[in-house]
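Taking it in order: structure first as structure tokens, then the write-up.
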Amino acid sequence: MGKGGEPSDPTAAGGLQDDAAYTPFLQDSFDATEFASNALAGSHTTAQAQTRMLQDRIQGLQLSLREEVLHRRPEVLQQAAQLRDTETAMQSISLAVETVQSALQRAKALIMEPYGQLQLKTQQLRNLHSTVEILRHVIQRLKLVAKLKLQIDTKSGGYQDLAKAAKLLADIDTIGSEADLAGLDVIEADSEFLHSTWRDVQGQAEAALQRGIETLSQAEVGSALQVYFNLALLRKAVSELLDHHTRQFGSSIKDILDPKKLSAGAGSPASTPEGSRPGHGHATTKWQEHLWQKLGVLMEKLRVSIVAVWHMQRVLAKKRDPLTHVLFIDECLDKTSPLPSEHIWTSLTTLLTEGLAAAAAPVKGGFIREALTTHYPRLAALLEETFRRIVQDTDVKGVMPAVTAEQQAELIDTAAPFQNAYLGASLTRMSEVVTAAFPGTSRTLTSSAELQKCIARMHDEVRVVADSPRLSALTARTVGKSLQLMAEKAEYMTFAGPEMRQVGGPSSSGQQRNMRLCSQLQEVHRSLLTLLPRMQPPAPAALMAPLQAVQAVAIEAVMPMFKAMVEAAEEIILRLHSEGFADEGQQGMTQASAYMQALTTHLTHCRAEYLSQFHPAPSPQVPSFVSALTERMACRVLVFFVRHASLVRPLSNNGKLRLAKDMGELEAGVGQSVYPLDHLGLPFNMLRAFRRLLFLDTAEVMGSPLVRELPASVVLHHLYSRAPAELQSPHVRQSFTPAQYSLWLDQHSMSEALKFIKGALSATAAKVDQDDACKELVGVMTQICSKS
């Protein structure tokens, strides 16, 4: 439906749209030529017939359009009226726009003239202001130049106040940057003077800074830094100083570690093949001394550079500009920038690391590489001494030092290739002598000369580095590796077999071999053990485990013999239970028992065939592995004898005398054949205390000091020998033989043994008819069990 119109005929409009004949003409992609070709090709009629059909359709379409227009005639008339109203409104608006444009033209004509005058006056004012500014800058500059000239001392040619002159120069330069004064004659007249003055002031500041650093004068360094601050060159000056020391040190490293330059300096003709490498004797010594002299100079340059930068940093950290109160170190460093001392330390150690790494290269190093590797302890001492002097020179109260103790490792690590090569060569040297002395085969043992050569080599390796705790520790680890190798080789050389436990006859070849091997290891251990007190920590700790490994192999080599000797002595001591100590007769009081004669004979045999074969022989005066084993053997024999002597039951008075006689023989046998009695301590005291206990009345036992000198189990066992037979001994009650009971005591603690004895005493005492003497004895035994 149109606006204000009546409804159109839907039949007519719908008929045209639904008619298939009109559909192709409604498409956006309609092509007349294509349509005509398709119509002629797809129809069975002639072209004239097709033309008439199209004409008919056109007429129908025109008719439909005419009907549509007639149908919508009121709406069309209404739209035409609205168009006439719109055209009238547009004409009114056009007249109003023309009126406004005319008014604007008249306003523009009135404004342009004063605007032009204002623009002209503004330009004149701007030019005048610029001229005034230039004149002001010129006048200010001329005044500053005049003040600068007043700072010059006409007599000496210097400056009355160098810092003030620098400030004036900086102010003049600031004026030049604020205004373009180029081309002015009055400005050009002073240009040459200002340039020369600037160079002169900067040169004097540089000289003053250098003098102040060389003399470590804070005042002179502070004055020079003030000049640089006034010239706005403080950051640049600090950077240039760091670069100067870095370049100088780098150049020195290249000169010193260059074989050709070193040979030229040593007076050797480096141009010839023979001159490129030192020979032997005097030539080699001359090269080495020249090399170490140059390295000493290099380390001195390192120290001087570090101390110089630290001294400048010290002044930077405390000095402030008197006008702005700006701290100098804040002016020349960013928040993330390292301190100058840290920067120079990192730079110089990096250069030194690279230089020494190049010298350590197999291709480029040559003689220098061999010299520094062979004499690395001297190089390490030089580095450590340099670091010590740096710490000493920069150790000022209230001032941060140039380096910390932790940074010593950084300086030492610069020579890491030579350290590794030296330690490797040291290990090789010691491994060679160890292998020569202990080849690890079953051939004949090494000679005394080879053994001493091995010991001397280890001593030499430790002695060379004795002054350096760090290098001593590293060398001690290397010595420890060679000792571990020695222990492994010696273990392979140890003889093992059943004959090692056969101690009844002469010593066998295998036993003699192991005793000699033990003596050799003992000599190595003793010799190196004497070095430990003279070594600086932590070097001794690094040798303890390897020395213990050597000791373990040495002890293991002869331990079967010592065990066999002790076991044989124990078997002989066990025979005392077959002796008749209950007989009240007088026989046997003048001579030792048969078992004791056998025991002393056995101990004498052990001394002759075994203990005397060790070098040095076991003695308290010469501490050794064998001395310790022999002492343990003697103590075991005494303790074992006292234990079984306390188990003897029944024991008559005559039996006590015989037992006391046997103890005297035992003392003589152990003291003469095994180990001096006065060095056996508690076991020897036990033996003597037990002899006195034999003849002590039961009533006196509790008050006697013997109770404190003897184990409670020994006292209780002996008191059983004074009791009636019905009061069974603990081992008899459990059907243990003396040997079994002794083994049980070895495997249990004293508290467990006392508990066992107390249980046996409680179980049997109640079943025995006790007289007064028995009651007294049981009471004493009960008290001993309770107090122990």
Return a table of donor-acceptor pairs under 3.5 angstrom between the side chains of residues 562-574 and protein atoms on other chains or two or more places apart.
residue, atom, partner, partner atom, Å
Glu567, OE1, Arg501, NH2, 2.4
Glu567, OE2, Arg501, NH2, 3.2
Glu570, OE2, Arg636, NE, 2.6
Glu570, OE2, Arg636, NH2, 3.0

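- To the nearest 0.5 Å, the span separating CZ on Arg303 from CZ on Arg389 amounts to 4.0 Å.
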* Asked: Should Leu302 and Leu411 be marked as a side-chain contact (heavy atoms from CB on, under 4.5 Å) after you check the CA-CA gap, both sets of side-chain angles, and the distance that decides it?
  -> CA-CA 11 Å; Leu302 173 66; Leu411 183 59; 3.8 Å; yes

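- Checking Ser624 against Arg526 by side-chain atom types alone, no donor-acceptor pair falls below 3.5 Å.
- In this structure, Leu382 CG and Glu300 CD are separated by 10.0 Å, a value rounded to the nearest 0.5 Å.
- Side chain of Ser527 to main chain of Glu523: no donor-acceptor pair is present (N/O by atom type, distance under 3.5 Å, no hydrogens or angles).
- In this model, a donor atom of one side chain and an acceptor atom of the other lie less than 3.5 Å apart for Glu384 and Ser468.
- Side chains of Ser508 and Glu499: a donor-acceptor N/O pair is present below 3.5 angstrom, by distance only.
- The aromatic rings of Tyr376 and Tyr422 are tilted relative to each other, their planes meeting at an angle between 30° and 60°.
- Within the structure, every pair that satisfies the ring-ring contact (aromatic ring centres under 6.0 Å, His included) test and touches residues 498-543, not counting sequence neighbours, is listed here: His525-Phe625.
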* To do: Show your working on salt bridge (charged side-chain N to carboxylate O under 4.0 Å, His left out) between Glu450 and Lys453 and close with a plain yes or no.
  => CA-CA 5 Å; Glu450 289 180 335; Lys453 183 179 179 181; over 6 Å; no

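- The shortest non-hydrogen separation linking Ala380 to Leu471 is CB-CD2, 4.2 Å.
- When the side chain to side chain contact (heavy atoms under 4.5 Å, CB included) test is applied to Glu406, the partners found at least two apart in sequence or on another chain are Thr404.
- A side-chain donor from one of Ser426 and Glu461 sits under 3.5 Å from a side-chain acceptor of the other.
- Annotation: side chain of Leu528 is in contact with side chain of Leu547 (closest heavy-atom distance under 4.5 Å).
- Under the 3.5 Å distance criterion, with hydrogens and angles disregarded, a donor-acceptor pair is assigned to the side chains of Arg470 and Gln419.
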* Which is it for Leu543 and Arg477 under the side-chain contact (heavy atoms from CB on, under 4.5 Å) test, yes or no, and what are the steps along the way? -> CA-CA 7 Å; Leu543 284 177; Arg477 295 175 190 170; over 6 Å; no

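- The closest donor-acceptor contact from the side chain of Ser251 to the backbone of Gln248 lies at 3.5 Å or more, if one exists at all.
- Ring orientation note: the planes of Tyr675 and His679 are nearly perpendicular, at an angle over 60° on the 30°/60° scale.
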